[in-house]
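Everything numeric here is computed off the predicted structure, so don't read it as measured data. First the proteins, then the strands, lettered A, B, ... as listed; each starts at 1.
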Protein chains: 2
Amino acid sequence: MEDVLRSLGFLCLGSRLKRIGEQLQADTQRLLDCLDVPVQSSQYPLLAALDRLGPLPVGELAQSLGITQPGVTRSVSLLSDLGLVEVTQSDGDQRRRMVSLTKSGRSLVDLAKRDVWPRIESAVADLCRDLSGPLLAQLAAIEDGLAAAPLDRRVEKGTAQ
Amino acid sequence: MEDVLRSLGFLCLGSRLKRIGEQLQADTQRLLDCLDVPVQSSQYPLLAALDRLGPLPVGELAQSLGITQPGVTRSVSLLSDLGLVEVTQSDGDQRRRMVSLTKSGRSLVDLAKRDVWPRIESAVADLCRDLSGPLLAQLAAIEDGLAAAPLDRRVEKGTAQ
DNA sequence: TCGCAAACTATAACATGTTATATAACGGGG
DNA sequence: CCCCGTTATATAACATGTTATAGTTTGCGA
């Protein structure tokens with residue numbers, strides 16, 4: 001069965017990038033499920049942003065993640081329900097709501113940084129190893145690579161080094 | 001403001017690909033809006049699949065697009081409401097529902113193939129021109145390129161050649 | 001040939017992005 | 001000093017992907 005998105009080349013590049021991204025996130029999610037962490041893979045960028053940049057107001061968090069403010073507001077309230085982040089207003093400006101990691105969020109991030117993220121990163125790096133040449137060829141290689149061995153199968157290989 | 005996804009490199013590649021894909025689709029949507037076509041950019045792959053492969057049952061359509069069957073079912077019913085595709089059961093197997101372009105869908109695709117898709121393709125090709133090197137570098141170049149001149153600004157340049 | 005597992009599609013529930021808009025707080029100019 | 005535009009966030013409505021599951025047909029095998 002012909003892969004139409006691939007055949008269309010540049011024309012539907014956006015759809016194709018989204019499709020590959022979803023595949024990667026789904027694979028990552030399976031990894032996380034095995035490791036018994038209670039957060040969707042798509043929430044990690046937000047946690048990583050707070051880890052790297054410290055407490056931030058909603059708007060700046062949105063900017064640093066490259067998504068819109070309503071998206072951040074929703075993720076924050078989700079993570080807040082899970083007890084991983086908290087929202088305070090201590091600042092002088094009552095409009096701004098500072099988002100920060102809770103103790104529990106801090107622990108999760110520290111654990112992830114030590115045990116989980118390196119594995120994921122090495123699995124993805126393994127997938128992308130030796131890629132070169134035009135973008136579309138690299139994308140095709142990633143798709144083929146994921147089809148041949150999903151990320152979870154690349155983790156052990158990656159950490160064995 | 002640091003771009004966290006970019007800093008994280010391979011770790012959040014999935015999120016980053018999705019973000020770039022969404023950006024491309026949004027830019028494409030703006031192009032389509034100018035040209036007064038009544039369909040979201042994300043529906044074009046389905047129409048293109050029917051154009052390339054002819055009438056297909058829902059399941060094969062899903063396979064050729066690399067998305068799940070419920071996603072196709074919903075898009076088909078949306079496009080069917082717009083009168084662009086139709087669903088028939090003529091086949092021997094009563095479980096299968098063949099999806100095909102209507103006359104109106106055929107016209108839209110023909111028009112798009114002649115007037116719209118070449119412009120989009122050349123704009124994206126322009127964006128990706130001269131890309132080379134490691135994947136992450138190419139992605140960064142695409143993001144920078146889109147920030148500097150969104151797709152709609154690249155159309156005239158592209159068609160002028 | 002009857003029954004039941006497999007195959008195909010539809011539906012429900014959810015995830016997470018978007019745009020548009022409402023609400024509340026800030027702060028400058030008359 | 002108050003009004004009003006600007007800024008920050010929340011909410012609503014929608015788009016479109018997913019997984020899980022229900023409901024029909026089909027067709028094989030006892």
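A:Q29 has its CD atom 16 Å from the P atom of C:dC14, to the nearest Å. Here the C1' atom of nucleotide C:dA15 and the NZ atom of A:K18 are 13 Å apart, to the nearest Å. Summarising the geometry, the separation between OH on B:Y44 and P on D:dA15 is reported as 16 Å, rounded to the nearest angstrom. Rounded to an integer number of Å, the gap from B:D33 CG to C:dA20 P is 10 Å.
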Scan the side chains in residues 49-64 of chain B for donor-acceptor partners under 3.5 Å anywhere in the protein, sequence neighbours excluded, and list what turns up.
unit_1	atom_1	unit_2	atom_2	d
B:D51	OD1	B:R106	NH2	2.6
B:D51	OD1	B:K113	NZ	3.3
B:D51	OD2	B:K113	NZ	3.1
B:R52	NE	A:E2	OE2	2.8
B:R52	NH2	A:E2	OE2	2.9
B:E60	OE2	B:R96	NH2	2.9
B:S64	OG	B:E60	O	3.4
B:S64	OG	B:L61	O	3.0

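Residue pairs satisfying the salt bridge (Lys or Arg N to Asp or Glu O under 4.0 Å) criterion with at least one member in residues 64-73 of chain A, sequence neighbours excluded, are absent.
Under the rule for a side-chain contact (heavy atoms from CB on, under 4.5 Å), the partners of B:S104 that lie at least two apart in sequence or sit in another chain are B:L84, B:T102. Checked against side-chain contact (heavy atoms from CB on, under 4.5 Å), A:S107 has no partners two or more places apart in sequence or in another chain. Listed by chain and number, the residues in a side-chain contact (heavy atoms from CB on, under 4.5 Å) with B:T88 are B:S90, B:M98 (sequence neighbours excluded). Here B:S80 pairs with B:V85 under the side-chain contact (heavy atoms from CB on, under 4.5 Å) rule; sequence neighbours left out. Among residues two or more places apart in sequence or in another chain, the side-chain hydrogen bond (donor to acceptor under 3.5 Å, both in side chains) test is passed with A:Q43 by A:S75.
Contact check of residues 47-65 of chain B against DNA chain D (heavy atom, cut-off under 4.0 Å) returns no residues at all.
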Reading nucleotides 18-25 of chain D 5' to 3', which nucleotides get B (base under 4.0 Å from a protein heavy atom), which S (sugar-phosphate only), which -? BBB----B
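No hydrogens or angles considered: nothing links the side chains of B:Q138 and B:S132 as a donor-acceptor pair under 3.5 Å.
If you check every strand for non-hydrogen atoms under 4.0 Å, A:Q89 touches nothing.
If B:R96 and A:L78 are placed on DNA chain C by their nearest nucleotide, the residue sitting closer to the 5' end is B:R96.
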